[in-house]
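Whatever order the structure lists them in is the order used to number ligands and atoms, beginning at 1. Excluded from the calculations below are hydrogen atoms, water molecules and symmetry mates; all remaining heavy atoms, backbone and side chain alike, are included.
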Amino acid sequence: MSGTPPDPSRRRFFRQMAGELVSSAAHVVGVVAEVRDRTAAEAQSLLGVEAAEGAATGSAPGPGVALGAPSPTAAPTASPTAAPTAAPTAVPTGFRTPFRFETDDTLLVIDQRALPDALVELPVRTAYDAARLIREMAVRGAPAIGQVAAIGLALSGWLARNAIPRSRDQLVRTAAVHLAAARPTAVNLGWAVGRVREAYERASEAGVAGPEIAAAMRAEADRIVAEATDDHGRLAAFGLEALPDVGDRELRLLTHCNTGPLAGGQFGTALGIVQAAHFAERPVHVFVDETRPYLQGARLTAWELAQAGVPHTLIPDVAAGSLLAAGRVDAILVGADRVAANGDTANKVGTYPLAVLAARHGVPFFVCAPISSVDIGTADAAAIPIEERPAAEVTEIRGIRIAPPGTEVWNPAFDITPAELITGIVTDEGVLRAPFGASIVAAVASRAARRAGAVGD
Ligand code: MRU
């Protein structure tokens with residue numbers, strides 16, 4: 001197997017981010033600035049001049065400050081609905097979060113459709129911008145879409161700050177409904193939007209001025225981002241402990257879709273564990289499946305692992321069976337868009353076949369998801385809405401038709417892995433094991449207590 005040798009500076013980067021941050025970010029309220037400053041400082045010291053420029057650019061780098069790539073001096077203005085033709089702002093390089101603030105009223109999100117060929121950032125100034133970019137998959141991954149939606153709603157709240165209360169109510173409430181409907185499966189979208197909307201309603205009821213209401217919305221969005229950073233760091237640390245012990249030899253993992261910083265912000269989930277293992281100096285090799293039809297594995301995961309110096313091999317989705325049959329995988333790590341109360345998990349289509357293969361071959365199958373992706377209000381898989389996407393994603397590859405014109409297509413974006421096929425759910429509250437119903441209830445309560453500050457980290 002070939003792979004890029006680990007880069008010692010990045011090894012230190014992840015050890016620090018996945019370890020130190022976990023232990024220090026006990027109380028989320030007030031941690032946003034700390035996370036932002038530390039992230040920028042780490043990027044500067046570890047990734048060199050480029051990161052320093054990236055971190056310094058923009059009048060108010062937000063919690064999603066860019067890591068390790070030059071910041072554009074001007075955001076591309078090309079329509080995000082078009083194929084990503086906007087001029088790349090830089091050769092893709094370095095660790096990135098999927099978004100950062102250019103100014104207080106403009107969020108820049110990485111156009112994930114353009115990767116790995118180009119690093120293009122698109123501006124989000126309103127909830128409607130955010131909804132469009134989420135719907136069109138410029139921003140994707142359950143935690144990332146929740147965070148960008150929350151910020152988008154807060155930006156619309158800011159734009160409406162001087163409107164009369166009745167118009168402001170209408171604008172914010174309509175925008176919230178629109179955002180929450182952008183993609184149906186990931187639970188993070190709905191609750192993140194709900195939290196910012198509740199912040200709006202609370203501040204409105206308190207009778208404070210429009211700018212203060214907008215500030216309350218923005219503070220809630222910032223909290224959502226900071227909480228995700230904290231949660232994902234904890235998840236990576238727990239996941240590291242759960243990985244099979246294979247002695248001195250290389251640990252061979254298989255992953256699906258993209259669950260790294262692009263999908264989650266800062267660490268990601270399943271890929272956060274992979275990177276934590278790599279930077280803890282555990283020899284690791286990752287099999288990355290392509291993830292047809294949208295190719296998140298080939299385009300995004302392979303790119304992120306290359307940036308991190310993690311050895312990896314890209315495989316066609318259909319090769320997973322042969323790989324497992326040959327005994328070449330020690331564990332499978334996947335993310336989740338929604339985990340139901342009984343542990344049934346919706347994730348990128350193609351996850352379920354991997355779980356079946358894992359059971360067939362006795363390979364541990366871990367769902368890696370923060371408690372924020374658990375939907376305690378959804379009893380089981382039957383109640384999880386599965387998004388269906390356009391036929392062209394299947395009949396074409398990057399604009400080139402591969403199927404006869406008029407071919408009927410079924411293109412579900414997600415599938416359901418039944419709880420009984422899951423070895424463990426790696427969360428920010430530890431690794432949950434069957435029976436999941438009870439362990440999920442306990443973990444949800446424990447996270448709520450942690451967030452409320454009742455339990456110290
Ligand atoms: O359609 P996508 O690319 O948004 O699907 C993403 C996934 O299925 C991920 O596995 C999931 O959101 C977890 S990301 C940390």
Side-chain angles (χ1 to χ4, degrees), residues 97-98 109-113 115 130-131 133-149 182-192 225 228-229 231-236 239 254-276 288-304 317 332-339 345-355 365-375 384-390 393-394 411-417 422 425-428:
T97 60
V109 300
I110 292 180
D111 185 349
Q112 298 190 35
R113 298 165 301 182
L115 287 170
L133 294 181
I134 289 167
R135 202 171 45 246
E136 295 173 357
M137 305 267 286
V139 184
R140 46 143 302 280
I145 63 178
Q147 293 166 50
V148 168
R183 293 190 75 191
T185 304
V187 69
N188 307 59
L189 184 60
W191 68 248
V225 176
T229 305
D231 290 346
H232 297 176
R234 290 172 57 92
L235 185 157
L254 171 61
T255 189
H256 186 58
C257 195
N258 171 260
T259 59
L262 285 166
Q266 309 291 2
F267 306 105
T269 58
L271 227 52
I273 299 170
V274 166
Q275 293 172 104
V288 177
D289 69 16
E290 286 178 292
T291 318
R292 278 278 295 154
Y294 213 74
L295 301 175
Q296 290 94 331
R299 295 189 303 104
L300 307 176
T301 299
W303 181 71
E304 286 187 327
D317 297 324
I332 299 179
L333 306 184
V334 300
D337 286 79
R338 189 184 300 226
V339 179
T345 294
N347 190 48
K348 179 52 52 191
V349 66
T351 302
Y352 169 55
L354 291 180
F365 182 90
F366 289 104
V367 168
C368 310
I371 294 297
S372 58
S373 293
V374 171
D375 182 6
I384 301 180
I386 300 293
E387 176 185 6
E388 294 191 16
R389 295 197 54 86
E393 289 179 4
V394 181
N411 184 19
F414 303 96
D415 64 20
I416 299 291
T417 300
I422 298 170
I425 304 177
V426 183
T427 75
D428 41 302

Sub-4.5 Å side-chain heavy-atom contact between L354 and D289: yes

Protein residues having a heavy atom less than 4.0 Å from any atom of ligand 1: M137, R140, G141, A142, P143, R183, C257, N258, T259, A263, T269, Q296, A336, D337, N347, K348, F414

Heavy-atom check, side chain of Q112 versus side chain of Q296, under 4.5 Å: no

Close side-chain approach of V349 to I386, heavy-atom, < 4.5 Å: no

Closest non-hydrogen atom pair between G260 and E304, with its separation: CA-OE1, 3.1 Å

For the student: nearest non-hydrogen atoms of T259 and L271, plus distance: OG1-N, 3.0 Å

Over 12 foreign heavy atoms within 6.0 Å of OH, Y352: no

